[in-house]
Every structure is written in structure tokens, then in C-alpha cells.
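Here the structure is laid out as C-alpha cells; the discussion comes afterwards.
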Amino acid sequence: QVQLVESGGGLVQAGGSLRLNCAASGRTFSSFDMGWFRQAPGKEREFVAGTGGLTYSAYSADSVKGRFTISRDNAKNTVALQMNSLKAEDTAVYYCAASTKTRYGSRRQSDFDYWGQGTQVTVSS
């Protein structure tokens, strides 16, 4: 059984930092895309950052570019999201996701077929 388990969420003041971690078990995703998405209250879930399975490239949404950094450790089957200079608008439930369909850096939710349970990030202003 495949599981993605996120950790590292919490409450932080604006301007602060948090690091989210996601551990995958049940299969290896070393050659597939992995990513982070988020859903704020009353809004649709949106792409935040991803890392390509074959290229290991990192890419992110314009709203977090320069502030958030995604990284992966294939040996440990983990992916992390370092979030700096947090803003109140970053408040959301953050989800880790893994794909068995794409390898070149997808941003589409439909390409990701495994999802974690989500971790809450709250940024106070």
C-alpha cells in the first residue's frame, strides 16, 4: 500500500519559515514527478512546487517563487518544501503528491495519483 505522510506544518508569524517533509512508502517515486499543492479556505487546491522525475528539476508557482524551495532525496524516498518569508496568504492545507504518470515536471493535479493527508500551515499577520 502506497502512503505519503506529511509533517512540519504549524503556526508561524509572517516573515517566518517552515519546512514541510513528505515521506513515501510502498513504492519508489525516484523516476516520477513529486510535488506540493495547497488549498486555502474557500479556494480550490492549487499547485505550489514540483520536482521532475527524470530531470530532477525544481519548478514553482509564481506566487511562491523566490520564497519556497522544493527538494527531493531519492535514496530516502522523501520530498521537502522549505518555505521562507511566509505571508498570511500562504495559509492553507498543504498536500504532498506523487505521480506514476509523469516524469518531466507536471503542474496538473490530475497527473498526480497519490496524495498525502495534508498538513495545516497558518501564517499570522
Side-chain angles (χ1 to χ4, degrees):
Q1 182 179 0
V2 176
Q3 280 191 315
L4 299 178
V5 180
E6 302 105 334
S7 61
L11 174 64
V12 65
Q13 288 188 333
S17 299
L18 279 176
R19 184 177 178 86
L20 304 182
N21 293 290
C22 173
S25 62
R27 70 167 292 165
T28 181
F29 293 98
S30 59
S31 61
F32 293 97
D33 295 348
M34 295 192 75
W36 289 93
F37 294 78
R38 68 185 181 186
Q39 187 167 21
K43 295 187 177 181
E44 294 186 351
R45 189 162 58 185
E46 63 177 1
F47 169 80
V48 175
T51 171
L54 289 183
T55 63
Y56 298 160
S57 60
Y59 49 100
S60 60
D62 288 344
S63 59
V64 305
K65 201 160 291 184
R67 300 187 298 121
F68 291 11
T69 303
I70 188 171
S71 60
R72 68 192 295 164
D73 184 335
N74 287 330
K76 297 181 180 178
N77 218 19
T78 60
V79 63
L81 184 68
Q82 178 66 42
M83 305 185 295
N84 299 327
S85 302
L86 282 160
K87 305 175 181 179
E89 52 263 43
D90 294 319
T91 295
V93 177
Y94 284 71
Y95 297 91
C96 172
S99 169
T100 61
K101 304 175 186 178
T102 57
R103 303 180 181 218
Y104 294 99
S106 173
R107 300 169 181 248
R108 296 185 302 187
Q109 295 187 50
S110 59
D111 285 336
F112 290 82
D113 42 358
Y114 291 102
W115 294 82
Q117 80 287 352
T119 185
Q120 177 70 45
V121 171
T122 303
V123 184
S124 62
S125 56

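Note that the structure is predicted; figures quoted are calculated from it, not measured. Sequential numbering from 1 along the given sequence is applied to the chain's residues.
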Legend entry - Residue pair F112 / F47, side-chain heavy-atom distance below 4.5 Å: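 Side chain of F112 against side chain of F47, heavy atoms only: no contact under 4.5 Å found.
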Inset, instruction - Taking the side chain as every heavy atom from C-beta outward, state whether W36 and M83 have any pair of such atoms under 4.5 Å apart. - result: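 Heavy-atom side-chain distance check fails, nothing below 4.5 Å.
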Between the main-chain N or O of [Y] and the side-chain N or O of [X], is there a donor-acceptor pair closer than 3.5 Å?
| X | Y | result |
| --- | --- | --- |
| D33 | G50 | no |
| E6 | Q117 | yes |
| R72 | G52 | yes |

Inset, instruction - Look at the side-chain heavy atoms of Ile, Leu, Val, Met, Phe, Trp and Tyr, link any pair under 4.5 Å apart, and say whether V48 and V121 land in one connected group. - result: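 Yes: a chain of side-chain contacts under 4.5 Å links V48 to V121.
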Legend entry - F68 with F37, same ILVMFWY side-chain cluster at under 4.5 Å: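 No.
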When the side chains of residues 12-29 are checked against the rest of the protein, which donor-acceptor pairs come out under 3.5 Å, sequence neighbours left out?
from, atom 1, to, atom 2, distance (Å)
S17, OG, N84, OD1, 2.9
R19, NH1, Q82, OE1, 3.3
T28, OG1, S30, N, 3.4

Show the atom names and distances, to 0.1 Å, of all donor-acceptor pairs under 3.5 Å that link a side chain in residues 87-99 to residues at least two apart or in another chain.
from, atom 1, to, atom 2, distance (Å)
D90, OD1, R38, NH1, 2.9
D90, OD1, R67, NH2, 3.1
D90, OD2, R67, NH1, 2.7
D90, OD2, R67, NH2, 3.4
D90, OD2, K87, N, 2.8
T91, OG1, A88, O, 2.9
T91, OG1, V123, N, 2.9
T91, OG1, V123, O, 3.4
Y94, OH, R38, NH1, 2.9
Y94, OH, D90, O, 2.6
S99, OG, K101, N, 2.9
S99, OG, T102, N, 2.9
S99, OG, T102, OG1, 3.0
S99, OG, D111, O, 2.8

Legend entry - Partner of L81 under side-chain contact (heavy atoms from CB on, under 4.5 Å), chosen from I70, V64, T69: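 The single option meeting the side-chain contact (heavy atoms from CB on, under 4.5 Å) with L81 is I70.
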Legend entry - Co-members of F32 in a cluster of I, L, V, M, F, W and Y side chains, linked at under 4.5 Å: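 Members other than F32 - counting any ILVMFWY side chain reachable under 4.5 Å - there are none.
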Legend entry - OH-OG1 distance between Y56 and T51, expressed to the nearest 0.5 angstrom: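 Answer for the OH-OG1 pair, Y56 versus T51, is 8.5 Å.
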